[in-house]
Amino acid sequence: MTDRSAIVTRFAPSPTGELHIGGARTALFNWALARRHGGKFILRLEDTDRARSSEASTRRIIADLKWLGIDWDEGPDIEGDSLEDWLKPDAPIVKRGDQESYFQSERLDIYRRYIDQLLESGRAYKCFKTPEELDAMRQAARAAGKAIAYDPAESRSLTSAQIAALEAQGRPYVVRFAMPDHAITVRDAVLGDVTVEPSQLEDFVIVKADGFPTFHFAVVVDDSTMGVTHVMRGQEHLANTPKHIALQEALGFDHPVYAHIPLIFNPDGSKMSKRDKAKAARAAGREHVRSLAEVDGWIEDVVRDGRSDANYMARPESAFSEADVRAFLDGKNDHTHIAGMIAFKLGVPLPEIDTADFRDSGYLPHALNNYLALLGWNPGGDVERFDMEFLRQNFSIERIGKSNAKFDREKLLAFNQEAIAKLPESEFRHQLWNVNTWAGRSWYARYFDGPDDPLFIAFARAYQPRSRTLRDPEHLGAFFFKKTEDITYDLSDKNIHKTLLKNDGEGKGVLDAIRPILKAVDPWSGAAAQAALEKFAETRNLKLGAIAQPLRIAISGTTVTPPLDLTLEILGGPAVLHRIQWCLIQSSPPTHSLNP
RNA sequence: GCCCCCUUCGUCUAGAGGCCUAGGACGCCAGGUUCUCAUCCUGGUAACACGGGUUCAAAUCCCGUAGGGGGUACCA
C-alpha cells in the first residue's frame with residue numbers, strides 16, 4: 001500500500017539525444033523535491049517517437065544523471081560504480097519498481113485500455129482527415145482569425161458504419177480527444193492560476209496513425225498509474241497543461257500539483273541548442289578546409305576517427321559517412337557527433353550544451369548542480385554555495401522563480417574553480433587524469449606513469465589552485481609536454497624581451513650564471529633547486545624575482561607558470577638545463593638594437 | 001494573427017507596503033599579499049522597464065504600454 005500523502009516526482013526525458021543541461025536541472029529539481037519530503041523519484045523514458053528514440057540515448061541519459069549524483073527509486077538503471085561502467089554499451093539495463101515498464105513504448109497495452117474507455121464514452125473519436133486536409137483547415141482558421149483550426153463536427157458525425165467502412169478500406173486515422181467546452185484552470189504552484197478559455201481549446205490527437213499514443217496522452221496515463229503527485233517541468237509545457245487536465249477529468253484521474261519552472265537561455269537570449277555546437281564546429285571546419293589542398297583526405301580522417309574504438313566519441317549509432325560530413329559543412333545537417341569529431345580533430349572548444357559536454361570540459365558535478373540549482377531557485381538569505389545534501393534538506397517549490405534565466409558560464413566557472421580548489425589532492429589528481437582520458441586526450445599517459453606518479457602528483461599540485469576546469473592544466477601546462485626544441489621565445493612580447501634582454505641582456509646573464517648552480521643540485525628536487533637559487537640570489541644581492549622570471553621564461557617560453565619549485569620539480573634537472581641552454585641560443589639579440 | 005507567462009545591477013538573484021540612501025553572488029575596476037599566474041584580503045562600479053493609479057507610505061497592490069519568452073504538430 002502506498003502512502004497517499006507521500007510526494008512522488010518523476011523525470012521523463014525523451015531518449016532522442018543527449019541529456020540537455022536544462023533537462024538536467026529539471027531532473028535535479030524533481031529529485032530534490034522528492035528527497036526533501038522523503039518521497040519517491042521516478043525515471044521514465046518517453047520514447048513514443050519511434051523514429052528518433054534510441055537505446056544508446058537512454059544509456060547516456062542514465063549515465064549522465066548518475067554522474068550528476070542524482071538517484072531514483074523506480075525506473076531503468078545501469079549498475080556499476082563509475083562512469084566507465086555506466087557507459088559500457090553492453091551493460092545491462094535493469095528495472096527498478098513495480099511498473100510493467102518505465103518505457104512508454106512498452107506500455108502500449110496500458111494506453112490501449114484507456115483509449116478504449118475514452119472511445120466508448122464518446123470523449124474521444126477517430127479522425128480520418130489527411131494531413132493535407134488539416135493543413136487547409138489551419139490556414140482557413142488563421143485567415144478567419146480563429147484560434148481553433150480543427151472543427152470536429154464532421155469527424156464526430158461519422159456513424160459507426162461509416163467508420164467501419166473507412167477502417168476496412170485501410171484508411172489511416174488518428175484518435176482525437178474531445179475537449180470540454182468549459183474553461184480550464186491550471187493551478188500552478190509557481191505561476192499561480194492560469195485559466196484558458198474554451199475558445200482556445202482544440203480537440204487534439206491522442207493516438208497517432210502509427211498506433212502510438214502522443215506525449216500528451218501517455219504522460220497523463222503514466223503520471224496517474226505511477227502515482228506521480230508533483231509534475232515539475234519547463235515552462236514550455238504550461239500551454240499544454242490544460243490538455244492534460246482535461247484528460248485527467250475525462251479519465252477520472254486526480255490532478256497532480258503542477259510547477260512550471262523557468263527556461264534557460266544563452267547569454268544572448270537564444271535557445272541553448274545542439275545547433276550552437278554545430279555552428280561552432282562548422283565554422284572551425286570550414287576555416288580549416290579552406291587551408292587544405294586535399295579536402296577529401298581530411299574528411300576521410302574525420303570519418304575514420306569517428307569510428308575508431310580508441311575514440312570516446314565513437315558510438316555505434318553515431319557512425320557517419322563522408323557524405324554526412326560534407327553535408328554538415330554545408331549546413332545541411334547538425335549532427336552532434338560530427339560536430340564533436342571535427343572539434344576534436346581541430347582541437348577547438350565547442351559550447352557546452354548537454355550534460356556530457358560539461359563533463360568533457362572538466363566541470364565537477366557538484367559545481368554544476370550548485371549552479372544549476374540557482375538558475376530558477378534559491379534558498380533565500382545570501383546562501384549561494386551548497387551541496388546536494390543541502391538541496392535534499394532545503395529545496396522547496398515556493399522558492400522557484402518565475403522568470404527565465406540566462407546561462408552565465410563565468411559564474412559556473414567560478415563555482416567550478418572553487419569546487420576544484422576544495423577537492424582533496426588525490427581526488428583532484430584522479431579526476432584530472434580521468435577527464436583527460438574521457439575527452440580522448442590521453443596524452444598525460446605519455447609523460448607520466450599514472451595518476452600516482454610522483455611527477456604527476458607535483459603536476460596536479462601545481463595546477464589545482466589555478467584550474468577553473470579539469471581541462472585547464474592541459475593548456476596551462478602545455479609547455480611541460482613540449483620538446484625543448486619546440487619551445488619558442490617571442491621577443492616581440494614586451495615582457496619576454498624586457499626580462500631577457502633589458503640592460504644589455506641582464507636576464508640572459510642571470511641564466512648563464514645559474515647554470516652551474518642548478519647543475520650542482522644533486523639529487524634534483526624542486527625544493528633543492530629553489531633553495532640553491534635563493535642562496536645564489538642572496539650572494540648576488542638580488543631578489544628572487546630577478547632570477548625567477550628569466551628562468552621561468554627560459555624553461556617555458558611564457559611568462560606564466562606555477563611556482564618555480566614545482567615547475568622545476570616536474571620538468572627535472574636535465575630538461576631545465578637543456579631549456580636554459582636553448583633559450584640562450586634562441587634569444588640572441590638582433591644585430592641592431594630594437595631600442596634606438 | 002490568437003492565447004498564455006515573465007520583467008530588480010551586464011548576468012543569477014534577495015526583497016512578499018514602511019526594516020531599501022535596494023542586500024548577496026559572478027563579472028568588471030582599483031589597491032594589498034606574492035618569484036609570474038592563480039588564490040587570498042580591502043575597497044569600488046552598477047538595477048527596481050515605462051506611464052498612470054491605490055495608499056500617509058510602493059521595488060512590493062491595480063490598470064495600461066513596451067520588451068522578452070512560450071504555445072498554437074500525427075515532437076516531446
Side-chain angles (χ1 to χ4, degrees), chain A residues 12-14 16 46-49 51-53 127 129 131 134-135 138 141-149 172-176 186 188 190-192 194-197 199-202 204-210 212 214-216 218-219 233-242 260 262-263 265 267 269 271 371 374-385 399 401-415 417-418 421 463-468 472 476 495 499 530 533-534 537 543-549 551-553 556 558-565 567:
Chain A
S14 287
T16 56
E46 311 216 320
D47 57 347
T48 54
D49 183 338
R52 294 200 300 144
S53 298
C127 170
K129 293 265 183 233
L134 291 167
D135 270 357
R138 269 184 210 109
R142 185 153 303 187
K146 289 201 303 201
I148 293 185
Y173 66 88
V174 297
V175 178
R176 278 178 188 273
V186 181
D188 192 274
V190 172
L191 268 11
V194 178
T195 299
V196 180
E197 297 303 323
S199 65
Q200 304 298 322
L201 270 16
E202 185 172 62
F204 61 95
V205 175
I206 55 178
V207 180
K208 297 182 265 190
D210 66 2
F212 272 63
T214 58
F215 154 75
H216 298 302
V219 79
R233 62 197 351 180
Q235 267 179 28
E236 76 267 22
H237 287 293
L238 178 63
N240 287 144
T241 307
H260 288 94
L263 271 18
F265 294 93
K271 277 185 196 169
Y371 179 71
L374 252 13
L375 249 28
W377 181 82
N378 76 79
D382 290 333
V383 180
E384 261 204 348
R385 315 300 154 103
R399 298 203 62 88
K402 297 181 178 183
S403 44
N404 296 336
K406 288 173 182 160
F407 197 96
D408 179 5
R409 281 197 179 65
E410 280 302 323
K411 185 152 178 172
L412 205 215
L413 243 11
F415 276 38
Q417 176 161 30
E418 285 174 30
Y463 283 109
Q464 183 167 5
R466 59 207 89 226
S467 293
R468 300 216 291 176
D472 281 351
L476 299 174
N495 283 324
T499 306
Q530 176 160 331
L533 290 174
E534 277 168 356
K543 284 195 288 191
L544 183 59
I547 294 174
Q549 207 51 10
L551 179 54
R552 169 166 285 122
I553 289 169
S556 73
T558 73
T559 56
V560 175
T561 77
L564 219 44
D565 54 345
T567 307

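Bear in mind that the values here come from a model prediction, so they are computed numbers and not experimental data.
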Side chains of [X] and [Y]: does their closest heavy-atom pair fall under 4.5 Å?
X	Y	value
A/L412	A/F407	yes
A/H260	A/T241	yes
A/T499	A/I553	yes

Quick test: give all pairs of protein nitrogen or oxygen and nucleotides 15-17 of chain B nitrogen or oxygen below 3.5 Å, distance rounded to 0.1 Å.
residue	atom	partner	partner atom	Å
B/G15	OP1	A/R399	NH1	3.2
B/G15	OP1	A/R399	NH2	3.2

What is the nucleic acid contact for [X], judged by heavy atoms within less than 4.0 Å: base, sugar-phosphate only, or nothing?
X	value
A/P563	base
A/R468	nothing
A/P13	nothing
A/F265	sugar-phosphate
A/L564	base
A/G234	nothing
A/T48	sugar-phosphate
A/H237	base

Between the base of B/G24 and the side chain of A/E384, is there a donor-acceptor distance below 3.5 Å?
-> yes
Between the base of B/A76 and the side chain of A/N240, is there any donor-acceptor pair under 3.5 Å?
-> yes
Who passes side chain to side chain donor-acceptor pair (under 3.5 Å) against A/N404, sequence neighbours left out?
-> none
Using side chain to side chain donor-acceptor pair (under 3.5 Å) as the criterion, list what pairs up with A/Q235, not counting sequence neighbours.
-> none
A/E418 and A/R468: CA distance, side-chain angles, deciding distance, salt bridge (Lys or Arg N to Asp or Glu O under 4.0 Å) verdict | CA-CA 8 Å; A/E418 285 174 30; A/R468 300 216 291 176; over 6 Å; no
From CD (A/E384) to NZ (A/K411), nearest 0.5 Å = 3.5 Å
Supply the atom-to-atom distance A/R176 CZ to A/I206 CD1, rounded to the nearest 0.5 angstrom.
-> 10.5 Å
Using Watson-Crick or G-U wobble geometry with both distances below 3.5 Å, tell me the partner of [N], or none.
N	result
B/U72	B/G1
B/U33	none
B/U7	B/A66

Taking only N and O in the side chain of A/R176, is any of them less than 4.0 Å away from OP1 or OP2 of B/A73?
-> no
Of the listed B/C26, B/A73, B/U36, the closest approach to the A/V560 side chain comes from B/U36
Check every atom of B/C74, B/G69, B/U36 against the side chain of A/V174 and return the nucleotide holding the closest atom.
-> B/C74
Give every pair of a protein N or O atom and an N or O atom of nucleotides 28-34 of chain B that lie under 3.5 Å apart, one pair per line with the distance.
none

All N/O contacts under 3.5 Å from nucleotides 2-9 of chain B to the protein, with atom names and distances to one decimal?
residue	atom	partner	partner atom	Å
B/C2	O2'	A/Q200	NE2	3.4
B/C3	O4'	A/Q200	OE1	3.1

CD1 of A/I148 versus P of B/G1: gap in Å, rounded?
-> 19 Å
Can you check nucleotides 43-46 of chain B for protein contacts, nitrogen or oxygen pairs under 3.5 Å, and list what you find?
none

Got a donor-acceptor contact below 3.5 angstrom from the A/E46 side chain to the A/P13 backbone?
-> no
